[in-house]
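Not measured: the values here are computed from a predicted model.
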Amino acid sequence: MSDFAFIQSSPGRIIAGRGPFRAAASRQKDAAAFFISDYFLSDPSPWKHPSHWQEMAVEDLVEAHPAFTRPVIHWQTPDRRLFQSLFSSAHFSIEHEGLKKAVPVLFENGSFEGSPDALMAWLIGALRFLPPSLRAYGIVQGDAGMIGASPEVLFEGAGQGYRTAALAGTRPIDRAEELWSDPKERDEHRMVVEDIVLRLRSGLRVDIGSTEIARLPGLAHLFTPIEASADGEVILFEEMVGRLHPTAALGVFPRCEAGRRWLKESDRVEPRRQFGAPFGFQAPDDAAICLVAIRNVQWAGQSIRIGSGGGVLAESIFENELAELKAKRDQVKSLFDLNGEGR
């Protein structure tokens with residue numbers, strides 16, 4: 001099967017591109033291309049130009065990849081000591097290096113029976129059941145790939161205007177209203193809003209919408225829409241990535257040398273790879289969408305992993321953060337029916 005990538009453009013609609021892909025440092029003028037890199041944007045050629053692309057219904061993508069049986073997956077419980085190390089280092093940077101927030105990530109690893117193509121087909125089959133609050137995306141290259149359903153849009157729009165949003169603060173769906181009264185969750189969300197606005201205000205007009213609760217399958221988050229526009233100038237896709245990634249929802253706050261050092265050091269403990277990275281697409285008419293690559297399943301050969309991240313503040317409690325990360329991974333397992341339960 002040839003390599004391919006896809007991203008959800010609107011409810012029920014998918015943009016899919018087939019390989020072989022031509023990788024480049026910049027997008028070819030008037031061409032369609034996917035923007036796919038790792039968390040630290042270290043790929044010198046992040047633009048992947050497909051040999052062929054089209055917009056289609058999600059059902060058409062599913063029918064092109066029929067799945068027959070749920071994959072058998074042998075999950076390994078993440079090491080608490082690993083997260084304790086990340087949690088402690090985040091607290092140290094908050095107490096001694098001026099950070100107010102840091103976001104460690106933790107992965108649950110496993111192995112699966114059957115072929116990578118069968119796993120891919122099963123994950124694609126689950127896309128038809130996604131709620132409209134999530135955006136599907138994915139890339140498959142040989143026997144490796146990543147397929148996810150992100151609740152977080154890094155930006156969307158074209159030319160002189162883009163939409164983005166702050167999504168931070170987490171509660172189980174049955175306790176969603178607690179988000180309004182929990183100081184830790186409200187502080188975490190405020191930092192994400194402040195970080196985005198600070199990054200956009202230089203040369204752009206910024207409008208901040210009203211904060212509300214976004215209710216997703218199993219989880220709820222605080223959500224604040226934000227719009228940025230420029231009069232008479234075109235805002236390039238790469239400029240928006242550079243301004244926004246990584247937001248405080250998946251990085252650190254404030255953005256500073258100590259924060260960048262913490263992110264690099266934590267990555268040596270638990271490599272993020274593509275988790276939390278920008279995953280986008282730009283059409284020939286420059287219309288663009290870029291998601292934050294979270295809530296995904298990654299595989300290579302017979303290995304599989306699911307990652308989750310959570311904001312650590314001065315008042316964070318280790319057990320609470322560990323439970324939040326598990327809830328996010330369990331949400332992914334439920335979305336893609338990987339836990340032995342029905343949808």
**Asked** Is the shortest side-chain N to carboxylate O distance from K326 to E108 below 4.0 Å?
**Response** no
**Request:** May I ask you to say whether R272 pairs ionically with D38, meaning some side-chain N is under 4.0 Å from a carboxylate O?
**Result:** no
**Message:** Do the side chains of R163 and E227 get close enough for a salt bridge, i.e. N-O under 4.0 angstrom?
**Reply:** no
**Item:** Geometric class of the F92/H96 ring pair [parallel <30°, tilted 30-60°, perpendicular >60°]
**Value:** tilted
**Request:** To the nearest 0.5 Å, tell me how far N109 CG sits from T77 OG1.
**Result:** 11.0 Å
**Item:** Distance under 6.0 Å and angle within 45° of ring axis: K48 vs F35
**Value:** no
**Request:** Check whether any side-chain heavy atom of T164 sits under 4.5 Å from a side-chain heavy atom of I196, and report yes or no.
**Result:** yes
**Message:** Determine whether a donor-acceptor pair (N or O, by modelled atom type, separation under 3.5 Å) exists between the side chain of Q8 and the backbone of S10.
**Reply:** yes
**Complete:** When rounded to the nearest 0.5 Å, the distance separating CZ of F336 from CD1 of I73 is 11.5 Å
**Request:** Apply the test side chain to side chain contact (heavy atoms under 4.5 Å, CB included) to residues D207 and I226: give CA-CA distance (whole Å), side-chain angles for both, the deciding distance (0.1 Å), then the verdict.
**Result:** CA-CA 6 Å; D207 296 309; I226 301 170; over 6 Å; no
**Request:** Take L335 and F129 through the side chain to side chain contact (heavy atoms under 4.5 Å, CB included) test and state the conclusion after the steps.
**Result:** CA-CA 8 Å; L335 288 170; F129 302 106; over 6 Å; no
**Request:** Would you check if the side chain of D143 reaches a backbone N or O of P116 as a donor-acceptor pair within less than 3.5 Å?
**Result:** no
**Request:** Look only at the side chain of T224 and the backbone of A166, and say whether a donor-acceptor pair between them is shorter than 3.5 Å.
**Result:** no
**Prompt:** If every non-hydrogen atom of L200 is compared with every non-hydrogen atom of M240, which pair is closest and at what distance?
**Reply:** CD2-CE, 4.1 Å
**Request:** Give a yes or no on whether a salt bridge exists between R18 and D3, defined as a side-chain N under 4.0 angstrom from a carboxylate O.
**Result:** no
**Prompt:** Step by step, would you call S89 with W262 a side-chain hydrogen bond (donor to acceptor under 3.5 Å, both in side chains)?
**Reply:** CA-CA 8 Å; S89 69; W262 181 86; 3.0 Å; yes
**Request:** Taking atom types as modelled, find out whether E185 and H221 have a side-chain donor-acceptor pair closer than 3.5 angstrom.
**Result:** no
**Exam field: side chain H52 to backbone G17, donor-acceptor pair closer than 3.5 Å** = no
**Prompt:** Do the side chains of P151 and I294 get nearer than 4.5 Å, heavy atoms only?
**Reply:** yes
**Request:** Find out whether L154 and Y162 are in side-chain contact, i.e. whether some heavy atom of one side chain is under 4.5 Å from a heavy atom of the other.
**Result:** no
**Request:** Please determine if R80 and E319 form a salt bridge, counting it only when a charged side-chain N lies under 4.0 Å from a carboxylate O.
**Result:** yes
**Point-to-point distance, once rounded to the nearest 0.5 Å, from OG of S93 to CZ of R261** = 7.0 Å
**Item:** Residues R135 and S150: side-chain donor-acceptor under 3.5 angstrom
**Value:** no
**Request:** Find the distance between CG (L244) and SG (C290) and round it off to the nearest 0.5 Å.
**Result:** 8.5 Å
**Request:** Could you tell me which non-hydrogen atom of P225 sits nearest to which non-hydrogen atom of S210, and how far apart they are?
**Result:** CD-O, 3.4 Å
**Message:** If you compare all heavy atoms of G169 against all heavy atoms of L179, which two are closest, and at what distance to 0.1 Å?
**Reply:** C-CD2, 3.8 Å
**Message:** Is it the case that the side chain of S266 and the backbone of L263 share a donor-acceptor pair, with hydrogens and angles ignored and the cut-off at 3.5 Å?
**Reply:** yes
**Message:** Using only atom types and a distance under 3.5 Å, with no angle test, would you say the side chain of K100 pairs donor to acceptor with the backbone of M191?
**Reply:** no
**Message:** So if I apply the side-chain contact (heavy atoms from CB on, under 4.5 Å) rule between K101 and each of D195, V192, D187, which one comes out positive?
**Reply:** V192
**Asked** Judged by atom type as modelled, is there a donor-acceptor pair below 3.5 Å linking the side chain of R215 to the main-chain atoms of A220?
**Response** no
**Message:** Tell me if the centroids of the rings in F112 and W75 come within less than 6.0 Å of each other.
**Reply:** no
**Complete:** Note: H245 and Y39 closest approach over all heavy atoms is NE2-O, 2.6 Å
**Prompt:** Which atom names give the shortest non-hydrogen contact between A33 and P50, and what distance separates them?
**Reply:** CA-CD, 4.1 Å
**Item:** S111 (side chain) donor-acceptor with Q302 (main chain) under 3.5 angstrom
**Value:** no
**Asked** Salt bridge check: are D286 and R27 linked by an N-O gap of less than 4.0 Å?
**Response** yes
**Message:** Within a 6.0 Å radius of atom NZ on K333, are there more than 12 heavy atoms belonging to other residues, nucleotides or ligands?
**Reply:** yes
**Check: R199 side chain, G242 main-chain N or O, donor-acceptor pair, under 3.5 Å** = yes
**Request:** For the pair E152 and R295, evaluate salt bridge (charged side-chain N to carboxylate O under 4.0 Å, His left out) and give the outcome as yes or no after the intermediate values.
**Result:** CA-CA 10 Å; E152 192 167 349; R295 308 295 201 274; over 6 Å; no
**Asked** Using links of under 4.5 Å between side-chain heavy atoms of ILVMFWY residues, direct or through other members, which residues join F21 in one cluster?
**Response** I7, I15, F34, I36, W53, Y137, I139, M146, V153, F279, F281, I289, L291
**Message:** Is there a side-chain contact between V292 and L250 in this structure, where contact means two heavy atoms from C-beta onward sitting under 4.5 Å apart?
**Reply:** yes
**Asked** Is a side-chain donor or acceptor of S88 paired with a backbone partner of S85 at a separation under 3.5 angstrom?
**Response** no
**Asked** Out of curiosity, H49 NE2 to Q28 CD, how far, rounded to the nearest 0.5 Å?
**Response** 5.5 Å
**Prompt:** Is the shortest distance from a Lys or Arg side-chain nitrogen in D182 or K184 to a carboxylate oxygen in the other one below 4.0 Å?
**Reply:** no
**Request:** Name the orientation class of the two ring planes belonging to H65 and F4 (parallel below 30°, tilted from 30 to 60°, perpendicular beyond 60°).
**Result:** parallel
**Fill in**
Q274 and Q298 have their tightest heavy-atom pair at C-NE2, 4.3 Å
**Atom pair CD/CG of E324 and L106 - distance to nearest 0.5 Å** = 12.0 Å
**Message:** Working note: V62 + I124, criterion side chain to side chain contact (heavy atoms under 4.5 Å, CB included); need CA distance, chi angles, decisive distance, verdict.
**Reply:** CA-CA 6 Å; V62 172; I124 289 177; 4.2 Å; yes
